[in-house]
Amino acid sequence: MVHNAFDVKRYLLENKLFIDRALVHYLKTDHNSSVLHQAVCYSVLDGGKRFRPILTLAVGELFGAKRKTLLSFACAIELIHCYSLIHDDLPALDNDDLRRGKPSCHKRFGEAVALLAGDALLTEAFFIMSDPRAARVLGAPLISKLIREISDAASIRGMIGGQSTELELVKHKITPAVLEGLDRLKTGALITTAARVGAIIGGATRKDLDRVTRYAQSLGLAFQITDDILDAHEVSNDNSNTKEIANYVSVVGAAKARERVGGLLTACLREMQPYGSAAESLREIARYVAQRTE
Ligand code: GRG
């Protein structure tokens, strides 16, 4: 039996705590007592795996970037992710009562505050990324490149575009290819950008950036399919959930979905092969995503 010395659970937990401390710092404001600020903190600080910012740290460190330099961009991506969760839970979209094991933002604070909390988080992400102190370390051209990279991933060409395509899906025949195209945008775009940002800050070459991009695209798709597998399991244990479900499992079945995740994991590992033991964290993250239970 091969002994694997890398403790991925510990790695994820330590990095999550590191990100959590930074998020607390970034969310401090002079408006601490407002309901809006409470809603923002409720939605960001209490729960969440921090998968995307951890990916930024892991890829950045592979290419020699300092964690401190990666942190503001990693946190900005997490804030964009949190905003998307708040808005996605609203009655006009997914209409979810629960998020991260507690009432969703609109259930706790009302729809108006939830809308604003999402808006505030998206805006805050750009405020953090445009911090002049970061520009002094990384240089203005690189900051501009990173902001463009992240805004593109969250845009109509990325996450929002995927979400909007999903709204139209019901009317069309859904095939695995259609679903994968949508998932690559809705979930994959932000995950891919999280990895690319780490590589860009670390000064990766074009070839390395392409490798990281392919790794993260496979990882992002695997992440969404495993989410669908976990969702299907939850629904089959919960007869009260009557939501119409169109996801990878409902389209191809659980066995084929798992098979696809296996193929995507192989693709992730193949892309990390040239980096040897330096990429152990990224290999383990991919294995963790493929087998995840949360
Ligand atoms: C901006 C309305 C709007 C939508 C954008 C990303 C997205 C589309 C909506 C979020 C809801 C959703 C189910 C997205 C799929 C991606 C996904 C699996 C999200 C959950 O991410 P985790 O597991 O969540 O990383 P935590 O709570 O750990 O941060």
Side-chain angles (χ1 to χ4, degrees), residues 12-13 15-17 19-20 23 42-56 74-75 77-106 111 114-123 125 150-169 179-195 216 219-235 241 243-249 257 261 285 288-294:
L12 292 174
L13 180 64
N15 280 289
K16 174 181 149 50
L17 294 175
I19 299 287
D20 282 350
L23 287 170
Y42 175 85
S43 301
V44 176
L45 300 179
D46 188 9
K49 296 181 286 296
R50 314 302 185 211
F51 174 65
R52 294 152 191 82
I54 291 174
L55 195 55
T56 304
C75 287
I77 292 169
E78 178 66 14
L79 296 189
I80 293 174
H81 166 62
C82 292
Y83 121 75
S84 81
L85 298 180
I86 297 174
H87 280 191
D88 192 60
D89 288 340
L90 286 168
L93 287 163
D94 247 22
N95 194 17
D96 267 319
D97 291 355
L98 285 175
R99 170 64 60 188
R100 293 173 166 173
K102 54 184 192 171
S104 45
C105 188
H106 68 275
E111 276 181 52
L115 252 178
L116 296 177
D119 294 341
L121 284 172
L122 178 59
T123 312
I150 293 169
S151 48
D152 192 43
S155 77
I156 194 167
R157 293 169 297 281
M159 182 178 76
I160 293 289
Q163 177 68 18
S164 145
T165 310
E166 188 177 68
L167 292 179
E168 292 158 24
L169 259 195
L179 212 51
E180 286 199 9
L182 181 158
D183 289 343
R184 282 180 190 280
L185 297 180
K186 187 185 82 170
T187 313
L190 204 59
I191 289 178
T192 302
T193 216
L219 186 70
L221 189 53
F223 191 87
Q224 181 57 59
I225 298 176
T226 51
D227 198 66
D228 292 348
I229 293 171
L230 291 171
D231 262 4
H233 187 68
E234 232 170 69
V235 171
N241 194 329
K243 231 192 262 170
E244 187 188 344
I245 308 158
N247 67 30
Y248 214 83
V249 176
V261 170
I285 285 173
Y288 178 84
V289 165
Q291 290 153 14
R292 77 195 179 105
T293 53
E294 56 169 357

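Residue numbers run from 1 in the order of the sequence given. We count ligands from 1, going down the list as the structure has it; atoms in each ligand are counted the same way. Quick caveat: nothing in here was measured; it's all calculated off a predicted structure.
Here the closest heavy-atom approach between residue Tyr248 and residue Leu179 is recorded as N-CD2, 3.2 Å.
Looking at Arg100, its side chain does come within 3.5 Å of a backbone N or O of Ser43 through a donor-acceptor pair. Remark: side-chain polar atoms of Thr193 are not paired, donor with acceptor, to backbone N or O of Leu190 under 3.5 angstrom. In this structure, Ser104 contributes its side chain and Asp96 its backbone to a donor-acceptor pair below 3.5 Å.
For CD1 of Ile156, the number of neighbouring non-hydrogen atoms (other residues, nucleotides, ligands) closer than 6.0 Å is 12 at most.
Pocket lining of ligand 1, defined as residues with a non-hydrogen atom under 4.0 Å away: Gly48, Lys49, Arg52, His81, Tyr83, Ser84, Leu85, His87, Asp88, Leu93, Arg100, Met159, Ile160, Gln163, Lys186, Thr187, Phe223, Gln224, Asp227.
Looking at Arg292 and Lys49, their side chains come closer than 4.5 Å, going by heavy atoms from C-beta outward.
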